[in-house]
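Indexing begins at 1, ligand by ligand and atom by atom, following the structure's order.
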Amino acid sequence: TAPVRRLWRDVILFDGLKTHPAPMTVVVEGERVTALFPSGNDHDKNLDVQAIEEAVEMGRGGVMTPGLIDCHTHLVYGGQRANEFESRLEGVSYADISRRGGGILSTVRATREASEEHLFETAAARLQAMIDDGVTSVEIKSGYGLSVEHELKMLRVARRLDEQFKVRVFTTLLAAHALPPEYADRADDYIDLVCNEILPAACKEGLVDAVDVFCEHIAFSLEQCERVFLAAHDLGLPVKSHAEQLSLSGASQLTARYRGLSADHIEYLDQSGIEAMAAAGTVGVLLPGAFHTLRETQFPPIAEMRSAGVPMAVASDANPGTSPIVFPTLMLNLACTLFRLTPQEALAGMTYNAALALGRTDIGRLHPGAVADLCIWDVDSPAELAYAIQPGRLRQRVLKGELTHG
Ligand SMILES: O=C(O)CC[C@@H]1NC(=O)NC1=O
Ligand SMILES: [Fe+3]
């Protein structure tokens with residue numbers, strides 16, 4: 001049987017890169033967008049008028065965007081860290097908490113104690129909130145297990161979320177996130193475990209789409225991160241990094257040297273890092289939720305990245321420590337309010353550029369032939385999605401051509 005043909009008329013279309021000036025008609029057949037054209041031209045002679053007339057009309061008006069892509073989350077984890085939130089309000093720094101064995105290691109303890117089922121259930125609630133706010137693709141990292149058993153447990157949960165929810169999940173192994181207590185003062189030995197045991201075991205089970213590292217004075221050095229990158233490349237896996245978040249380490253340049261998909265956080269990114277990323281096509285992933293939560297003061301070099309042509313993505317960094325925020329369209333607002341992106345740049349940051357940060361070019365944009373992951377919003381203009389901080393504006397959500405919401 002012929003694939004179902006659906007269409008929307010008179011939508012204000014943001015296609016992943018730009019907003020079309022005239023109200024548009026968008027035609028979806030099966031899993032793909034097959035046509036998009038100004039609604040006034042429905043009877044354009046080049047169009048198969050009968051096909052258009054036979055299509056199922058799915059709605060009129062509103063704003064259409066590609067499905068939102070959250071390209072940086074730590075969505076799977078045990079426990080919560082409200083106590084540290086209170087400590088930071090009393091003036092204790094994130095780094096101090098981490099040095100006292102809190103921070104990431106606090107969540108490592110809770111995640112190791114949690115069953116796979118419990119991790120699935122708590123992550124599922126957070127994922128549903130993202131889906132209800134227009135997310136069609138989400139990246140989920142490991143990094144709270146820090147052992148073969150528990151890193152694989154986290155990644156299996158991420159794969160199950162992909163199977164059981166109408167969403168695309170991209171998994172990233174972030175075993176080089178923190179030094180587990182059993183390896184205290186033996187960071188190089190732990191990196192051996194990451195490269196020689198955790199990564200191969202996860203890869204063998206088909207659990208890894210990309211490999212990430214945390215390069216920071218409270219985490220791992222450039223040399224240690226490079227060893228993880230080499231192990232990833234030996235297994236044919238792309239790399240990315242948490243880079244220049246609290247200080248300038250040079251991780252962005254290292255990531256670019258390995259043609260990494262993205263360097264993330266990048267508050268302390270310098271000009272040589274920008275130029276290396278621009279030359280390598282490495283995406284700069286902005287995480288305004290962590291900047292906001294930590295009350296950071298060092299802004300990422302937006303203007304310099306813009307003029308160098310570094311693609312900028314925007315993501316939630318949803319995690320229990322530095323960004324306990326599951327509200328994707330809030331990230332659009334924070335990217336504009338805190339980092340001075342334009343609303344159009346922020347939207348491109350959670351669609352087309354976010355897809356690039358995940359190594360994909362078939363999602364994140366709406367054009368003939370693109371995969372039909374799209375959202376229709378009850379707003380008058382795309383800028384409104386960044387301007388107003390308001391849940392419940394999603395009218396319809398389509399994943400691979402199938403209506404999943406509205
Ligand atoms: O605090 C946590 O639990 C994760 C923090 C998160 N991980 C990282 O490498 N940088 C961050 O902000
Ligand atoms: Fe992160």
Side-chain angles (χ1 to χ4, degrees), residues 70-85 87-88 92-112 114 119 122-123 126 138-146 150 154 158 170-180 194 210-221 224-225 228 239-247 249 251-252 255 260-268 283-296 298 300 313-326 331 334 354 357-358:
D70 194 340
C71 68
H72 182 134
T73 87
H74 306 251
L75 211 61
V76 173
Y77 58 84
Q80 48 78 23
R81 296 193 349 232
N83 62 321
E84 293 182 10
F85 176 68
S87 302
R88 285 207 304 276
V92 184
S93 79
Y94 178 80
D96 288 344
I97 290 168
S98 174
R99 275 190 278 273
R100 294 176 186 171
I104 294 173
L105 291 187
S106 167
T107 299
V108 169
R109 288 189 289 275
T111 303
R112 287 180 167 182
L119 291 179
T122 50
R126 292 187 281 267
V138 60
E139 182 254 17
I140 298 179
K141 305 174 190 291
S142 67
Y144 292 117
L146 309 187
H150 296 295
M154 291 187 71
F170 296 83
T171 61
T172 299
L173 184 130
L174 175 61
H177 193 201
L179 193 60
V194 172
V211 177
D212 190 353
V213 294
F214 184 20
C215 190
E216 193 57 69
H217 49 76
I218 56 170
F220 296 99
S221 69
Q224 290 161 347
C225 292
V228 178
V239 298
K240 53 180 58 235
S241 63
H242 286 65
E244 337 303 356
Q245 177 181 6
L246 306 175
S247 65
S249 67
S252 305
T255 306
L261 295 174
S262 70
D264 301 29
H265 282 289
I266 53 175
E267 279 85 350
Y268 286 84
V283 175
V285 177
L286 304 171
L287 302 171
F291 183 96
H292 161 75
T293 304
L294 296 180
R295 299 175 70 231
E296 288 185 39
Q298 173 74 24
V314 174
S316 68
D317 195 17
N319 76 74
T322 63
S323 189
I325 306 174
V326 180
M331 295 302 137
L334 294 181
L358 298 174

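If you check the side chains of Y94 and R99, you find no donor sitting under 3.5 Å from an acceptor.
Here CD of E296 is found 7.0 Å from OH of Y268. Values are rounded to the nearest 0.5 Å. Taken to the nearest 0.5 Å, the OG atom of S262 stands 9.0 Å off from the NE2 atom of H242. One distance of note links CD of Q298 with CZ of F291; it measures 8.5 Å at 0.5 Å rounding. Once rounded to the nearest 0.5 Å, the distance linking CG of L261 with CD of E139 reads 10.0 Å.
Annotation: atom 10 (N) of ligand 1 to nearest protein heavy atom, Q245 OE1, 2.9 Å. Of the protein's heavy atoms, T322 OG1, 2.8 Å lies nearest to atom 12 (O) of ligand 1.
With R126 contributing its side chain and V76 its backbone, the two residues share no donor-acceptor pair below 3.5 Å.
Considering the Fe ion (ligand 2) as centre, the angle to OD1 of D317 and to NE2 of H242 is 170° (10° rounding).
Residue R81 approaches ligand 1 through these ligand atoms, each under 4.0 Å from one of its heavy atoms: 1 (O), 2 (C), 3 (O). Annotation for ligand 1: atoms under 4.0 Å from non-hydrogen atoms of I104 are 1 (O), 2 (C), 3 (O), 4 (C). In summary, the atoms of ligand 1 found under 4.0 Å from a heavy atom of H242, numbered by their order in the structure, are 8 (C), 9 (O), 10 (N). Counting atoms of ligand 1 from 1 in the listed order, those under 4.0 Å from a heavy atom of H265 are 10 (N), 11 (C), 12 (O). For ligand 1 and Y144, the ligand atoms under 4.0 Å from any heavy atom of the residue are 2 (C), 3 (O), 4 (C).
Looking at D317 against ligand 1, only its side chain comes within 4.0 Å, counting heavy atoms.
Using a 4.0 Å cut-off between charged nitrogen and carboxylate oxygen, K141 and D212 count as a salt-bridge pair.
Taking only nitrogen or oxygen atoms, main chain and side chain alike, Y94 reaches within less than 3.5 Å of ligand 1.
Put simply, no part of T107 is less than 4.0 Å from ligand 1, judged by heavy atoms.
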